Q: 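So that we are looking at the same thing, I have put the structure below in structure tokens.
Quick caveat: nothing in here was measured; it's all calculated off a predicted structure. One is the number of the first residue; the rest follow in order along the sequence.
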Amino acid sequence: MAARQGMPTSRVLEEALGLGSSAAGDAADALAAEGAYYLEQVTITERSEDDYEYKEIPDDNVSIPEGEEDLAKVIQIAQEQATDTQILEQKTVLPSKHAVPEAIEDFLCNFLIKMGMTRTLDCFQSECKAREDLLKTQKERDFHRMHHKRVVQERNKLINDLKGLKLHYASYEPTIRVLHEKHRTLLKQKMLTSLERDRAVGQISGLEATLRDMELGHSYHVPEIRVAPNCGKENAAEGPTQKGLREARERNKHKTKIKDNVKDSEFPSDTQPNPNLCLCKENIDPAKFDYKLNNIFRLHELPVSCVIMHPSKDTLVSCGEDRLWKVVGLPKGNVLLTGFGHTDWLSDCCFHPSGNQLATSSGDTTVKLWDLSKGNCILTFEGHKHAVWSCTWHSCGDFVASSSLDRTSKIWDVNSERCRCTLYGHTDSVNSIEFFPCSNILLTGSADKTLSVWDARTGKCEQSLYGHMHSINDATFTPRGHMIASCDACGVTKLWDFRKLLPIVSIDVGPSPSNEVNFDPSGRVLAQASGNGVIHLLDLKSGQIHKLMGHESEAHTVVFSYNGENLFSGGSDGTIRTWS
């Protein structure tokens, strides 16, 4: 069929679709009445098969990797796809309509625009857009449903795994209880073994002393001969063996009497004047904060644990973990004296008030006293069960106090060479100890996060200060003694009013630990050695913090010179740095 000549093609399409206005309909009826169509013979030639072009139609539903053609796998994949399609169709609420080709949509839009049917065009476009949004929303809904289903399955699997882990953990609880019981039993056995060992060591020491006494008397088997008062042989001749034994016994008794005659030192009264009280007057010169790195002394092979200044000379003493202490001359840093004797690392040292003797504490559980004029050890205090962290001299010079990892502190009498008192009360390692200037009061800082104030004469704890949240590494008095500074393992430094025993201020320069704090001679500047290698200087008047950067590793100790013009710090690299 072909259209009549002169008749527009659009009219023919309008008639075929049944669209258009009434005028168009009348025109179509008129043309139909006149006979608009005629028959035309069309010849269709048959093409040979060789002229056909064949194209491979890809099957998007089933994809089989090359080299893995397996009928069972193909059937399985097809079944899974059919199942997924069925699930999606079941979950779809609205039935899918037949998709209208885009060409027809464009034709209808153009027709409506040409005919001026704007309202119908708007409705048509709105419906088309709504249909697209609906399909998109349905796809998103199906995707989220599948995702939700997968999440629920994973959650159920995790819940089952958690239940299994709880049951598995519960099965270990009886074993853990049995191990705890064994641990307690072993601790008891260890304690009993230690007691038996100490008893045996005491017996051996007694036997060795008896053997030495007998060797001095040139006799090993002759027992002591006692003569009864009513015996008639009082004037009998004494043999050489009995005579030598009697003389050795008398010499031993004489030595014992001499040692027993050494009386314990007396604690001085608390009315001693503090020579540092003159510092309470207002100093005209401003506090110094502009310290600059001046020199580096490489003195130890291992980290420096303590640096102290001589009370009157331009010398300092450094202690290291290499078991040595050294006296260093200033400002050149030449080593004047080196002390050997400890069998483990040194933790702290302190000058005698006169500056002629030195006390050192060590990880070998001992405290040693040294004569600086000769450099030899004159006395060793043994009694702590674990490493000794700190030591300090009394202002009178007759007592030394020490604090230890064994949770105790001890007061040693230098004259009678014995422990006068043991301070019990801390529940963890006692890391710091210091005498109040010219007094019998002791200050200790412990890993149990508390500071304690003790009476050295009675050994009783007078007051405990709470406020730190971490282990206290160091605590010290101001030169005047009216204030306490303490620092802990998280970088927090606290100032306390010693007269009221109340906290004043807290300064946090963490999270690196604060290893040591020290005041300058005027008591207006507080220096703190930090674990990150920074030396912090706190202005107690303004509250400002100044930093000294120079250590390449952790800073362990810091101290001012006796005139406050210089600052000395020791680090974990075995060096001492001078700041001026």
Side-chain angles (χ1 to χ4, degrees), residues 274-295 304 306-312 314 316 330-331 350-351 392 432 434 436-437 443 445 451 472-488 491-499 503-510 512-551 555-571 576-580:
N274 187 353
N276 295 319
L277 290 179
C278 60
L279 298 175
C280 63
K281 298 180 180 180
E282 188 66 24
N283 196 338
I284 300 176
D285 298 332
K288 184 177 180 179
F289 297 99
D290 56 344
Y291 292 95
K292 294 183 179 179
L293 184 61
N294 186 21
N295 205 346
V304 178
C306 177
V307 175
I308 60 171
M309 289 295 301
H310 194 277
S312 58
D314 287 334
L316 61 83
L330 298 176
C350 184
F351 272 111
T392 180
S432 173
E434 184 173 333
F436 184 81
L443 174 68
L451 295 170
I472 299 176
N473 289 338
D474 189 34
T476 184
F477 290 101
T478 58
R480 291 170 53 193
H482 67 292
M483 194 161 50
I484 300 173
S486 59
C487 61
D488 64 22
V492 177
T493 300
K494 288 183 176 291
L495 297 178
W496 311 77
D497 188 342
F498 183 64
R499 293 165 294 189
I504 300 175
V505 69
S506 180
I507 304 101
D508 189 355
V509 293
S512 298
S514 300
N515 295 322
E516 187 176 283
V517 286
N518 262 315
F519 288 95
D520 73 333
S522 66
R524 295 183 297 167
V525 181
L526 177 67
Q528 178 248 4
S530 179
N532 58 4
V534 179
I535 306 297
H536 296 91
L537 300 180
L538 173 62
D539 187 354
L540 301 184
K541 187 174 182 180
S542 65
Q544 295 182 353
I545 299 176
H546 305 265
K547 296 182 179 181
L548 302 181
M549 313 289 289
H551 278 279
H556 286 170
T557 178
V558 61
V559 65
F560 288 93
S561 61
Y562 59 85
N563 57 6
E565 293 297 325
N566 298 315
L567 184 70
F568 303 93
S569 59
I576 295 177
R577 299 173 188 261
T578 64
W579 311 78
S580 58

Q: In Å and rounded to the nearest 0.5 Å, what is the SG to CG distance from C306 to N515?
A: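 One gets 12.5 Å once the value is rounded to the nearest 0.5 Å.
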
Q: For the residue pair I472 and S486, what are the closest heavy atoms and their distance?
A: CG2-CB, 4.5 Å

Q: Rounded to the nearest 0.5 Å, how far apart are CH2 of W579 and CD1 of I535?
A: 6.5 Å

Q: Could you tell me whether the side chain of R480 and the main chain of G523 form a donor-acceptor pair under 3.5 Å?
A: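 Flag not set: sc R480 to bb G523 has no pair under 3.5 Å.
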
Q: If the test is ring-ring contact (aromatic ring centres under 6.0 Å, His included), which one of F436, F519, W496 qualifies with F477?
A: F436

Q: How far does OG of S530 sit from CG of L548, to the nearest 0.5 angstrom?
A: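 Result: 12.0 Å between the selected atoms.
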
Q: Could you check whether any side-chain heavy atom of H310 comes within less than 4.5 Å of a side-chain heavy atom of F351, counting everything from C-beta outward?
A: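 Touching, per the 4.5 Å side-chain cut-off.
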
Q: Search all heavy atoms of K494 against all heavy atoms of S506 and return the closest pair with its distance.
A: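 Closest heavy-atom pair between K494 and S506: NZ-OG, 3.4 Å.
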
Q: Using the side-chain contact (heavy atoms from CB on, under 4.5 Å) rule, take Q528 and I545 through it: C-alpha gap first, then chi angles, then the decisive distance, then the call.
A: CA-CA 10 Å; Q528 178 248 4; I545 299 176; over 6 Å; no

Q: Is the backbone of S514 close enough, under 3.5 Å, to the side chain of N473 for a donor and an acceptor to pair up by distance?
A: yes

Q: Partners of K288 by salt bridge (charged side-chain N to carboxylate O under 4.0 Å, His left out), sequence neighbours excluded?
A: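 Listed in chain order: E565.
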
Q: Kindly compute the distance separating OG (S512) from NE2 (H536), expressed to the nearest 0.5 Å.
A: 8.0 Å

Q: Which pair of non-hydrogen atoms, one from I504 and one from M483, has the smallest distance, and what is that distance?
A: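 For I504 versus M483, the nearest heavy atoms are CD1-SD, 3.7 Å.
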
Q: Run the numbers on H551 and R577 for side-chain contact (heavy atoms from CB on, under 4.5 Å), then give the verdict.
A: CA-CA 8 Å; H551 278 279; R577 299 173 188 261; 3.3 Å; yes

Q: Can you check whether V304's main-chain N or O pairs, donor with acceptor, with H556's side chain at less than 3.5 Å?
A: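 Side chain of H556 to backbone of V304, a donor-acceptor pair under 3.5 Å: yes, one is there.
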
Q: Taking the side chain as everything from C-beta on, heavy atoms only, tell me whether L567 gets closer than 4.5 Å to L537.
A: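 In short, these two side chains touch, coming nearer than 4.5 Å.
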
Q: Between OG1 of T478 and CG of D520, what distance do you get to the nearest 0.5 Å?
A: 10.5 Å

Q: Quick one, N294 and N566 - any side-chain contact, counting heavy atoms below 4.5 Å?
A: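 No; the side chains remain at least 4.5 Å from each other.
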
Q: If every non-hydrogen atom of A475 is compared with every non-hydrogen atom of L443, which pair is closest and at what distance?
A: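 For A475 and L443, the tightest heavy-atom pair comes out as CB-CD2, 4.0 Å.
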
Q: Might you work through the salt bridge (Lys or Arg N to Asp or Glu O under 4.0 Å) test for R499 and D497, ending with a clear yes or no?
A: CA-CA 6 Å; R499 293 165 294 189; D497 188 342; 3.6 Å; yes

Q: Knowing that exactly one of L526, L538, V492 qualifies, which makes a side-chain contact (heavy atoms from CB on, under 4.5 Å) with I507?
A: L538

Q: How about P521 and Y562: do any of their side-chain heavy atoms sit closer than 4.5 Å?
A: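 P521 vs Y562: side chains apart.
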
Q: Provide the closest heavy-atom pair for F498 versus G481 in the form atom of the first, atom of the second, distance.
A: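 Reported closest heavy-atom pair: CD2-O, 3.5 Å.
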
Q: L316 vs I576, test: side-chain contact (heavy atoms from CB on, under 4.5 Å). Steps then yes/no.
A: CA-CA 11 Å; L316 61 83; I576 295 177; 4.2 Å; yes

Q: Test your reading of the model: is there a side-chain donor-acceptor pair from D474 to the backbone of V517, 3.5 Å cut-off?
A: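 Confirmed, D474 side chain pairs with V517 backbone.
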
Q: Can you tell me how far CG of D314 sits from CG of N563, rounded to the nearest 0.5 angstrom?
A: 7.5 Å

Q: Looking at E516 and V558, would you say the former's side chain and the latter's main chain have a donor-acceptor pair under 3.5 Å?
A: yes

